[in-house]
Amino acid sequence: MSITAVKGFNDILPGDTELWRHIEETAYYLFRAYGFSEIRLPIVEKTELFLRSIGETTDIVEKEMYTFADRHGDSITLRPEGTAPAVRAYIEHKLYTSAVTRLYYTGPMFRYERPQKGRYRQFYQIGAEVFGEASPRADAESLVMLMKLFERLGVMGATLQINSLGCAECRPAYKEKLYNYLKGKAGSLCENCLRRIDTNPLRALDCKVPGCIEATKDAPSIVESLCAPCKEHFDRVEYFLGLTGITPVVNPRMVRGLDYYTRTTFEVTADTGLGSQNTVAAGGRYDNLVSELGGPATPCFGFALGIERLALIMQGRAPKEPVTVFIAMGDEAERKGVELVAAWRRAGIRVIEEFSAGGLKGRMKRADRLGADYVVILGENELASGVISVKDMKKAEQATVAWDRALEIISAQK
Ligand code: HAM
């Protein structure tokens, strides 16, 4: 029996990788324009990092982490997300003493979730984190950048939902209010929500069990319980978004699955055609995480987007990468071909050389199977006259032209 990939871990194949690279490159150039620098983070971290940042009573920590002991017996975890590792690196390398304030990263994350379309155990994120900015303008700037990315990629109809989770001043009072409300509904809550009601009552607002959705329908709203500075911050984020023509939907039930957030949180949904897997990006403010992990007080804002989900929306929209196949007939033509092909590649043309022996007819068939948009043929007769044949496979037209004209024709395909 042949061996297949582990369930929930995918190969990303040619045909899709072009789209992935297009997404990653578009993000790279856009984020650069906003002053972000790339950081490359390890795939494993000490387990403690995620316990202390994501929160011990979250789904991720309770049931989704790939945690194991290495050969030395140390507990390590495949990163389920990138924010905690970015913060760890920020503190470890004292980046707060440098000019670095904006970091972005891309790479695989690992969560032991039930695999289905749009939800995998290894999935890829592009994340961006802003350090040391308390201003609501920073929240708005990152959100605008994210929405610009969707726009540049031609993703229409992305919806931004925002909420505020308050701060150490106002959240405890809200938690208390919610706790009392939930206590009154205890009979209708699922086991999971009941278990977490004391430690993390907000999670009930995010529960997908129908009984819990019904029971929390009229739960007190966090947006109405914010202290004056949090309310002001929230209003300013909306104001700055408005300046760029973005009108977010306020969703006071959005609590997110990670405990490090303070104040602004958000999700961007778009039509992936997958119902609950339609959240393509999410994030928010985390003003206490750097200090909680041992660094100086540093307000932060960040987000991550799921590449698989974005790629699902953009299916079939990979930029076309035309292919030229080169066929040299005979030794002399092969020798000249070395020089010509090198020049075309220098000019950025994607050239595949067709190596099979035999007649031109068979070799043209192979060129077709190699996906040729153009086939360039150098035979002995052409060689003698200083020309070359260029066949446009789509138009089924062939022209015999001078050697340097060939580049002009095959460049036109780009
Ligand atoms: P998150 O909401 O857990 O946030 O994940 C962000 C995005 O990653 C989701 O919106 C989704 O598109 C994608 N994603 C998550 N899990 C899966 C999965 N199992 N399969 C496919 N895609 C998935 C974070 O990870 C935070 N670190 C975001 C952040 C950055 N907050 C502040 N800075």
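Each ligand, and each atom within it, is numbered from 1 in the order the structure gives. Only a predicted model underlies this, so the values are computations on that prediction, with no experimental measurement involved. All values below were derived from every heavy atom in this structure, side-chain atoms included, with hydrogens, water molecules and symmetry-related copies excluded.
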* Asked: R256: heavy atom below 4.0 Å from ligand 1, yes or no?
  -> yes
* Please state whether F301 comes within less than 4.0 angstrom of ligand 1, counting heavy atoms only. => no
* Mark the output for A281 as yes if a heavy-atom distance to ligand 1 is under 4.0 Å, and as no if none is. => yes
Review item, side-chain donor-acceptor pairs of residues 207-214, under 3.5 Å, at least two apart:
from	atom 1	to	atom 2	distance (Å)
K208	NZ	D206	O	2.9
K208	NZ	D206	OD1	3.3
E214	OE2	K217	NZ	3.2

* Exercise: do Y286 and E129 side chains pair donor with acceptor under 3.5 Å -> yes
* May I ask whether A86 has any heavy atom positioned less than 4.0 angstrom from an atom of ligand 1? => no
* Structure fact -> the protein heavy atom lying closest to atom 20 (N) of ligand 1 turns out to be Y120 N, 3.0 Å
* To do: Report yes or no: does a heavy atom of Y124 sit under 4.0 Å from some atom of ligand 1?
  => no
* What's the verdict on side chain to side chain donor-acceptor pair (under 3.5 Å) for Y124 and Q122, showing C-alpha distance, side-chain angles and the deciding distance? -> CA-CA 7 Å; Y124 287 73; Q122 174 174 333; 3.1 Å; yes
* Structure fact -> Nearest non-hydrogen contact to atom 31 (N) of ligand 1 from the set F303, Y261, Y112 belongs to Y261
* Structure fact -> re atom 26 (C) of ligand 1, the protein heavy-atom contact at minimum distance is Y260 OH, 3.4 Å
* Which word best sums up how the rings of Y104 and Y28 line up, parallel for under 30°, tilted for 30 to 60°, or perpendicular for over 60°? -> tilted
* Could you tell me the residue and atom name of the protein heavy atom closest to atom 33 (N) of ligand 1, and the distance to it rounded to 0.1 Å? => E129 OE1, 2.8 Å
* Have a look at Y260 and tell me which of T83, N288, T58 forms a side chain to side chain donor-acceptor pair (under 3.5 Å) with it. => T83
* Protein residue, atom and distance nearest to atom 15 (C) of ligand 1, heavy-atom basis -> F123 CE1, 3.5 Å
* Asked: Taking the six-membered ring of F234, is NZ or CZ of R263 closer than 6.0 Å to its centre and within 45° of its axis?
  -> no
